[in-house]
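In what follows, a structure is listed as structure tokens, so that the remarks can point back to it.
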Amino acid sequence: PVEGRGVDHGDTVVLDLERSEKGGRDSFSGESGEKESRPLFDKHNDVSIELGAKSNPPGFDEQLLGLEVGATKSFVIHYPQDYPIGELANTDVSYTVTVKGIKRRVVPELDDEFAKDLGDFDTLDALKARVREDLEHEAKHAAERDVRGELMKQLAARVPFEVPASMVERELERRLEDFARRLIDQHVDPRQAGIDWNAFRDSQRDVAREAVAA
């Protein structure tokens with residue numbers, strides 16, 4: 001725990017968070033399929049956010065800098081057009097945060113004693129050598145998997161056949177679950193995100209069929 005100062009780079013901040021989209025988002029509803037404006041609002045308590053984490057919204061960390069425990073702040077974050085989560089791309093989202101606590105990660109020194117604590121290593125250099133060996137081994141296998149995957153994709157395109165519908169549905173479910181997890185990483189409740197899940201599912205069907213065929 002950190003006391004006596006405000007939030008700084010690298011801290012983990014515990015806060016209550018409210019999130020609402022300015023102007024709402026378009027979605028489809030009803031038998032007619034007509035568009036309606038569906039505002040987004042969700043609230044989370046005791047959320048832990050590490051400043052510098054890749055999953056944080058763009059510009060979010062800077063808004064927290066300097067805030068002390070007990071402080072409340074409201075601000076707007078603009079998600080750029082090329083934001084990887086398409087449902088949030090080119091939107092303005094309002095946030096209100098209340099800081100509940102500040103923590104700092106404490107890590108041991110990288111020395112020989114640290115290496116010995118991790119296993120059968122006499123020195124830090126021995127540990128580094130093992131880590132390098134493991135990374136090179138994984139990189140080699142990753143490259144082989146990429147080549148194999150591309151070959152299978154090309155083969156599937158040249159040898160057309162009927163893809164089992166049950167396997168396509170399973171792949172679609174996997175993709176939806178993956179997208180929902182990415183939303184949660186962004187501190188977004190998938191149930192309240194205003195997403196037309198049926199339309200999203202349909203948009204993934206061709207990609208899922210290609211993946212299953214490969």
Side-chain angles (χ1 to χ4, degrees), residues 1-23 25 39-132 134-135 138 177-195:
V2 173
E3 298 179 354
R5 67 164 175 81
V7 177
D8 198 0
H9 294 284
D11 288 344
T12 294
V13 187
V14 181
L15 45 79
D16 292 343
L17 181 149
E18 295 181 4
R19 173 181 179 274
S20 60
E21 184 177 340
K22 297 171 68 65
R25 67 171 75 241
L40 168 67
F41 176 82
D42 51 18
K43 182 177 181 180
H44 306 275
N45 294 325
D46 298 323
V47 177
S48 293
I49 297 179
E50 183 177 1
L51 269 69
K54 292 182 179 180
S55 61
N56 293 348
F60 190 88
D61 294 0
E62 287 73 11
Q63 296 291 341
L64 301 183
L65 292 174
L67 296 181
E68 298 185 1
V69 174
T72 297
K73 183 178 181 180
S74 297
F75 51 89
V76 176
I77 294 294
H78 176 73
Y79 289 81
Q81 182 67 48
D82 59 352
Y83 195 67
I85 298 181
E87 293 294 328
L88 293 174
N90 199 32
T91 61
D92 291 325
V93 178
S94 298
Y95 291 88
T96 297
V97 298
T98 299
V99 178
K100 306 282 284 293
I102 305 173
K103 299 179 180 180
R104 190 77 178 178
R105 186 188 302 274
V106 179
V107 297
E109 292 292 332
L110 285 177
D111 54 20
D112 291 347
E113 291 302 316
F114 173 77
K116 293 175 181 178
D117 289 340
L118 286 186
D120 189 20
F121 305 103
D122 294 329
T123 65
L124 180 61
D125 287 340
L127 172 60
K128 288 182 176 180
R130 174 61 181 275
V131 172
R132 176 179 294 277
D134 290 344
L135 290 173
E138 174 57 29
E177 291 174 2
D178 181 65
F179 180 58
R181 281 195 294 269
R182 290 167 60 192
L183 287 175
I184 293 171
D185 287 342
Q186 297 288 340
H187 315 295
V188 178
D189 187 342
R191 297 166 298 181
Q192 301 180 20
I195 297 172

Answer yes or no: is there a donor N or O on one side and an acceptor on the other, between the side chain of [X] and the main chain of [Y], under 3.5 Å?
X: Asp112; Y: Leu124; result: yes
X: Asp16; Y: Lys100; result: no
X: Asp11; Y: Arg104; result: no

As an exercise, state the distance from [atom1] of [X] to [atom2] of [Y], rounded to the nearest 0.5 Å.
X: Leu15; Y: Ile49; atom1: CG; atom2: CD1; answer: 4.5 Å
X: Asp178; Y: Leu183; atom1: CG; atom2: CG; answer: 10.0 Å
X: Glu18; Y: Thr98; atom1: CD; atom2: OG1; answer: 7.5 Å
X: Arg5; Y: Ile102; atom1: CZ; atom2: CD1; answer: 6.5 Å
X: Phe179; Y: Ile195; atom1: CZ; atom2: CD1; answer: 4.0 Å
X: Phe60; Y: Tyr79; atom1: CZ; atom2: OH; answer: 8.0 Å

Do [X] and [Y] have side chains that approach each other closer than 4.5 Å (heavy atoms only, starting at C-beta)?
X: Ile184; Y: Pro190; value: yes
X: Val97; Y: Val13; value: no
X: Thr96; Y: Arg19; value: no

Parallel, tilted or perpendicular, as decided by the 30° and 60° cut-offs, for the rings of Phe75 and Tyr95: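 Parallel, since the angle between the ring planes stays under 30°.
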
Pairs satisfying salt bridge (charged side-chain N to carboxylate O under 4.0 Å, His left out), at least one member in residues 58-73, at least two apart: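 Sorted result for residues 58-73: empty, none.
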
Among Leu64, Thr72, Val14, Leu67, the one residue meeting side chain to side chain contact (heavy atoms under 4.5 Å, CB included) with Val99: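 Exactly one option meets the side chain to side chain contact (heavy atoms under 4.5 Å, CB included) with Val99, and it is Leu67.
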
Minimal non-hydrogen separation, Ile77 against Pro58, with atom names: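 Scanning both residues completely, I find the closest heavy atoms to be CG2-O, 3.2 Å.
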
Least distance between heavy atoms, Lys103 atom then Val2 atom: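 Reported closest heavy-atom pair: C-CG2, 4.0 Å.
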
Heavy-atom neighbours of Asp111 CG exceed 12 at 6.0 Å: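 Enclosed: over 12 neighbouring heavy atoms sit under 6.0 Å from CG of Asp111.
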
Arg130 with Asp134: basic N within carboxylate O range, under 4.0 Å: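 Judged by the 4.0 Å cut-off on N to carboxylate O distance, Arg130 and Asp134 do form a salt bridge.
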
Audit row: Leu65, Leu51, side-chain contact (heavy atoms from CB on, under 4.5 Å) steps and yes/no: CA-CA 9 Å; Leu65 292 174; Leu51 269 69; 3.6 Å; yes

Listed partners of Arg182 passing side-chain hydrogen bond (donor to acceptor under 3.5 Å, both in side chains), at least two apart: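 For Arg182 there are no side-chain hydrogen bond (donor to acceptor under 3.5 Å, both in side chains) partners, ignoring immediate neighbours.
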
Worked check of side-chain contact (heavy atoms from CB on, under 4.5 Å) between Asn90 and His78: CA-CA 7 Å; Asn90 199 32; His78 176 73; 3.5 Å; yes

